[in-house]
Amino acid sequence: MAALGACSDSGDASSNPGPTTVTLVAHDSFAVSKGVLKDFEKKSGYRVKVLKDGDAGEAVNKAILTRDNPQGDAFFGVDNTLLSRALDNHLFQPYRAGGLDLVRPEFWAGDDRHWVTPIDTGNICVNYDKRYFTAHHLKPPNTFADLAEPAYRNLLVTENVSTSSPGLGFLLGSAAQYGDKGWPAYWKKLRANGVKVVDTWEQAYNEEFSGSAGGRKAGGDRPLVVSYASSPPAEAIYASPQPRTAPTGVATGTCFRQIEYAGLLSHAKNPKGAKALLDFLISKEFQDDMPLNMFVDPVRETAQAPALYRKYAVQVDTPQTMAPEKIAAHRDQWVRTWTSLLLK
C-alpha cells in the first residue's frame, strides 16, 4: 500500500471534521505522477492510500465480497464488462462528480443515478511481436478469424475471463463478432489451434508474451497476446533508447471498446474524501497526466494525451462494442460456457 495525496474541487478537507485519510481500492495498473498527487494533497488536505488488489476482475470480485466492510472508500477500475455485476451487488452509492459535464456524454449517458464516474477509455486488442513475425517471414494476424488459422498455431496467449477484464473483453469482442450462438464454435477453433490461458494480464503480457520487455526477460515464447491498443506506446516510451516505431503492433480487427469507471463504495468510512477523490480523477490535471502512466485515453473533453503518447498510439477506427444490457444478460452464462470449453 502506497501513501499518496489527492485533492478535488470540494474544498480544503483540513477545515472539515472527519477523517483526512481516504483509501482508493484499485487494480494493479493504477498509476499517477507523484507531482500531481502532491499538488492534490496540498489543495485538499486529504492523504490518499492506494490499495492495489490484482487484475480488474480479481479486484471487483474482492470488493463485492467485502462490500459490507470495504477495504477502502472509493474503487477504481471496474469497466463496462463488469459494471453490471458491481451494480447488481450494490457495490456503490450514487455520487455526481464535480466536472462531469466536461466528460464526453457517450461515456456516462444513461447513468441517471450516477452510480459510477467514467475515468478512461481504450481498446482491448491482440498485440503482436513484430520481431517474431519478421524473423519467421509471417504476416501478423489482423482479425478474429486470422487467429484460428494454422499459421498461428500455439502463438496466442489470453487471460481467464473469470479473473481478468482484458480476457473478458476479448470474449465479448468475439461474441459481438460471431453472435450469441457462433462464438463458442470460434473458441473451439482457438483451443484446437493451441491458445494458452493464464489467470491475469500481468502473467500474459509480462511473462508469456515475447514482445514485451518483461516477457523477453522471463523467456516468454508467445508472440500474440490479448492486451490493449495502447500497449505499443508503453513498450516504446519505456525503451532506452526510444525506438522510431514501437516494437509491438496491434491486430486492429480484434478490438473491443473498454470504458473504466470509479465509484463511491457503499459503506465507505470516509465518503467525503472519496467524493473529493472522484472529482480529482476527472479533473484536467489527472486526465492529462493519465495516458503516460496508465496508457489509456482520457474521457474529459478538455484533456489531451501528451505528444509522446500520441506519437506511438495505434488508431482503432471500428472496435467491437456491446450494449451494457446485453453484457448484463449474458455475461455470467458466457463465462460458464467459456470455462467449460477452455479449462475443463
Side-chain angles (χ1 to χ4, degrees), residues 1-79 82 86-87 89-100 103 114-120 260-290 292-294 296 298-300:
M1 184 180 294
L4 303 172
C7 81
S8 74
D9 299 329
S10 301
D12 186 349
S14 62
S15 63
N16 302 317
T20 57
T21 296
V22 57
T23 299
L24 175 68
V25 182
H27 58 55
D28 286 343
S29 297
F30 179 81
V32 60
S33 297
K34 290 181 180 179
V36 171
L37 283 166
K38 287 181 179 179
D39 187 42
F40 293 147
E41 182 175 52
K42 181 179 179 181
K43 291 178 180 177
S44 72
Y46 285 110
R47 177 177 176 268
V48 177
K49 293 182 179 180
V50 176
L51 175 61
K52 295 185 178 182
D53 229 354
D55 202 321
E58 292 178 286
V60 171
N61 289 340
K62 289 178 184 177
I64 290 171
L65 290 173
T66 59
R67 181 195 63 194
D68 294 334
N69 186 26
Q71 300 178 87
D73 305 297
F75 184 94
F76 165 80
V78 60
D79 68 5
L82 296 167
L87 297 183
N89 283 277
H90 310 290
L91 187 59
F92 302 113
Q93 55 183 301
Y95 173 62
R96 193 184 196 285
L100 187 63
V103 171
H114 305 292
W115 292 107
V116 289
T117 302
I119 306 300
D120 64 75
E260 285 193 303
Y261 305 90
L264 171 60
L265 289 168
S266 289
H267 298 281
K269 294 180 176 63
N270 186 0
K272 195 166 188 176
K275 291 175 181 179
L277 184 56
L278 293 173
D279 294 350
F280 157 57
L281 293 177
I282 56 170
S283 70
K284 188 174 187 305
E285 189 173 16
F286 180 85
Q287 292 276 305
D288 285 345
D289 180 71
M290 186 173 58
L292 286 180
N293 281 288
M294 293 194 287
V296 289
V299 296
R300 185 182 173 104

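With sequence neighbours excluded, the residues satisfying side-chain contact (heavy atoms from CB on, under 4.5 Å) with Thr21 are Arg47, Lys49. Not counting sequence neighbours, the partners of Pro70 by the side-chain contact (heavy atoms from CB on, under 4.5 Å) test are Leu265, His267. With sequence neighbours excluded, no residue forms a ring-ring contact (aromatic ring centres under 6.0 Å, His included) with Tyr261. For Asp79, the side chain to side chain donor-acceptor pair (under 3.5 Å) partners at least two apart in sequence or on another chain are Thr81, Gln258. Evaluation of the side chain to side chain donor-acceptor pair (under 3.5 Å) rule for Gln287 yields no partner, not counting sequence neighbours. Residues satisfying the side-chain contact (heavy atoms from CB on, under 4.5 Å) criterion with Ala63, sequence neighbours excluded, are Phe75, Leu91. Residues passing the side chain to side chain donor-acceptor pair (under 3.5 Å) test with Asn293 are Ser33, Asp289, sequence neighbours excluded. For Arg96, the salt bridge (charged side-chain N to carboxylate O under 4.0 Å, His left out) partners two or more places apart in sequence, or in a different chain, are Asp101. Lys269 is linked by a salt bridge (charged side-chain N to carboxylate O under 4.0 Å, His left out) to nothing, counting only residues two or more places apart in sequence or in another chain.
With hydrogens and angles ignored, the 3.5 Å screen pairs no side-chain donor or acceptor of Asp73 with any backbone N or O of Val22. Remark: side-chain polar atoms of Asp39 are not paired, donor with acceptor, to backbone N or O of Gly35 under 3.5 angstrom. In terms of modelled atom types and a separation under 3.5 Å, the side chain of Thr117 and the main chain of Gly263 share no donor-acceptor contact.
Across Gly77 and Ala56, no two heavy atoms sit closer than the pair O-CB, 3.7 Å. Considering all non-hydrogen atoms of both residues, Val78 and Ala86 come closest at CG2-CB, 4.2 Å. Residues Ala26 and Ala59 come closest through the heavy atom pair O-CB, 4.3 Å. Taking all atoms of both residues into account, the shortest heavy-atom contact from Phe30 to Met294 is CA-SD, 3.5 Å. Residues Pro118 and Leu100 share a closest heavy-atom pair of CD-CD1, 4.1 Å. Between Gln93 and Ser266, the closest heavy-atom pair is NE2-O, 3.1 Å.
Between His114 and Tyr95, the distance separating the two ring centers is not shorter than 6.0 angstrom.
Put simply, CG on Leu82 and CD on Glu260 are 10.0 Å apart, with the number rounded to the nearest 0.5 Å. If you take OG on Ser283 and CG on Asp288, they are separated by 8.5 Å, rounding to the nearest 0.5 Å. Taking CG of Leu37 as the reference point, atom CZ of Phe286 lies at 8.0 Å (rounded to 0.5 Å). In this structure, the separation between CG on Leu24 and NZ on Lys52 is 10.0 Å, given to the nearest 0.5 Å.
When side chains are defined from C-beta on, Lys43 counts as touching Glu285, because their heavy atoms get closer than 4.5 Å. For the pair Lys275 and Leu264, the minimum side-chain heavy-atom distance is below 4.5 Å. At a threshold of 4.5 Å between non-hydrogen side-chain atoms, the residues Tyr46 and Leu277 do not count as touching. Between Ile119 and Ile282, the closest side-chain pair of non-hydrogen atoms falls below 4.5 Å.
Screening residues 56-66 for salt bridge (Lys or Arg N to Asp or Glu O under 4.0 Å), with sequence neighbours left out, gives Asp53-Lys62.
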